[in-house]
Number of protein chains: 2
Amino acid sequence: MTSTADAARPPGRPRSVRADEAIVEATLDLLAEGSTIETISVEAIAARAGVGKATIYRRWPGKDALLRDALRRLKGDPPQPSGGSVREDLITLVSAIGHNVDPRAAQIMPCLVPEMKRSPEQYAFYQSIVEPRRAAMREVLRRGVREGELRADIDIEVTMAMLTGPMLIQRVLNWNPDLDEATLPEKVVDGVLAGIRAR
Amino acid sequence: MTSTADAARPPGRPRSVRADEAIVEATLDLLAEGSTIETISVEAIAARAGVGKATIYRRWPGKDALLRDALRRLKGDPPQPSGGSVREDLITLVSAIGHNVDPRAAQIMPCLVPEMKRSPEQYAFYQSIVEPRRAAMREVLRRGVREGELRADIDIEVTMAMLTGPMLIQRVLNWNPDLDEATLPEKVVDGVLAGIRAR
DNA sequence: ACGATACGGAACGTATCCGTATCGATATGA
DNA sequence: TCATATCGATACGGATACGTTCCGTATCGT
């Protein structure tokens, strides 16, 4: 028993960690540059990574498995609200929408939209990214209600959609070319807080 | 002069109107069933339409032109607000978001999202569909301000995003599985009208 | 040093698609 | 009747991608 646990290291040359990294990075780069999940090719990935195709097929059984693993890398931690006023926390959370840690995510996420519609796994993947962020926002809203800063009769889930939707369609769909993304979070939060009805 | 205008009918067998229709319908069907713009094939379209490939190439110079024409069919007229109260009109408009005349549009539109990000033509196509609907909502909001039902200091464009965003992310992205799409329009409109701040 | 395994690179066979060409059959006008 | 152009079907060449399999080389444990 020379090794800790049963990590019997197999003989021969160990697999290059550098190749592992390069393959995944190349995949994400290509996706961010405009390839879609269906048009991206293993050959392009290999070429971009400076790696032989065989090296890829030694690690993954096929393109789908590789893409699944690569996309999993994009999942960052949900942002932590500072815990100041409810308004400040909401602005923090809303600003983070579609503004991921990995800048490539902003380009890649829209590519997953069509996929989601038909693949339950892709939808589950999407939800696994979105849910933690929803949870953070939900907590801030509940705190606001608890401390009396927000009304008690609001629908939390609908309110989250009201805060998230505008940012998401603007950042993902470029919905309205005339909107300024930089100031949108603050305007949306204040808009939702105040309402638009005359009084 | 036997013909009205200069419609000199060419000799030979006239083109089948039935084939015209079948080709476009087959294209939209395939897109709605999961094909993306890039993976759909002329051969699949021809097979589905019960048509020879040559029949397609006799009408369109290539796949792109066919897709453009087919997608243009999905563009319905923007909904006409009834002209009642601002609240009622907004609910009408918000309910119509992502709720197109052709039910296939709901499946097809998300497919265009990735395309939009890189193709200026696709983005222009998307805007040509969205802008009339935005214009209708803008008009309702301006009317509300004019008639004193809405505050005069609201940002019209941001308000439109607040009304549109929640419906769009729910209908297109299935953003939150717990939200009820049927009642969402009314809740969003009332939420935006009233605001959530305690007072 | 030696065996074992990985490496990058290249080629291969299969499959699919595009756009074009060709076929016999069919429908229209002269 | 006859020329003409379309019909659906099929085949083709060129291109691309997949997944596999071979090189010759590099790097590990023993």
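Only heavy atoms go into these numbers, but all of them, side chains included; no hydrogens, no water, no symmetry mates. Below, chain A is the first sequence line, B the second, and so on; all start at residue 1.
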To the nearest 0.5 Å, what is the distance between [atom1] ([X]) and [atom2] ([Y])?
X: A:Thr159; Y: A:Arg138; atom1: OG1; atom2: CZ; value: 11.5 Å
X: A:Met160; Y: B:Asn176; atom1: CE; atom2: CG; value: 5.5 Å
X: A:Arg146; Y: A:Arg142; atom1: CZ; atom2: CZ; value: 9.0 Å
X: A:Leu163; Y: A:Leu93; atom1: CG; atom2: CG; value: 9.0 Å
X: A:Asp180; Y: B:Asp155; atom1: CG; atom2: CG; value: 10.0 Å

*Does some side-chain heavy atom of A:Thr92 sit less than 4.5 Å from a side-chain heavy atom of A:Gln80?*
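When only atoms from C-beta onward are counted, A:Thr92 and A:Gln80 do not touch, as no gap falls below 4.5 Å.
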*Check the pair B:Arg104 / B:Glu33 against salt bridge (charged side-chain N to carboxylate O under 4.0 Å, His left out), numbers first and verdict last.*
CA-CA 9 Å; B:Arg104 290 172 300 192; B:Glu33 284 172 15; over 6 Å; no
*Which residues, if any, of residues 31-44 of chain B bring a heavy atom under 4.0 Å of DNA chain C?*
B:Ile40, B:Ser41, B:Val42, B:Glu43
*Is there a residue in residues 54-63 of chain A whose heavy atoms reach under 4.0 Å of DNA chain C, and which residues are they?*
A:Ala54, A:Thr55, A:Arg58, A:Arg59
*Do B:Arg13 side-chain and D:dA5 base share a donor-acceptor contact under 3.5 Å?*
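Checked by distance alone, the answer is no.
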*asked:* With hydrogens left out and only the distance checked, is there a donor-acceptor pair under 3.5 Å joining A:Lys53's side chain and the base of C:dG9?
replied: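 No pair found.
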*Around atom CZ of B:Arg18, are there more than 12 heavy atoms of other residues, nucleotides or ligands at under 6.0 Å?*
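No, CZ of B:Arg18 has 12 or fewer neighbouring heavy atoms, counting only those of other groups under 6.0 Å.
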Round to a whole Å and report the spacing from [atom1] of [X] to [atom2] of [N].
X: B:Leu67; N: C:dC17; atom1: CG; atom2: C1'; value: 14 Å
X: A:Asp20; N: C:dG8; atom1: CG; atom2: P; value: 10 Å
X: A:Arg18; N: D:dC28; atom1: CZ; atom2: P; value: 14 Å
X: A:Leu66; N: D:dA17; atom1: CG; atom2: C1'; value: 15 Å
X: B:Ile45; N: C:dG19; atom1: CD1; atom2: C1'; value: 14 Å
X: B:Ile23; N: D:dT6; atom1: CD1; atom2: P; value: 13 Å

*Could you name each residue pair satisfying salt bridge (charged side-chain N to carboxylate O under 4.0 Å, His left out) that touches residues 55-70 of chain B, not counting sequence neighbours?*
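Output for this query lists B:Asp20-B:Arg59.
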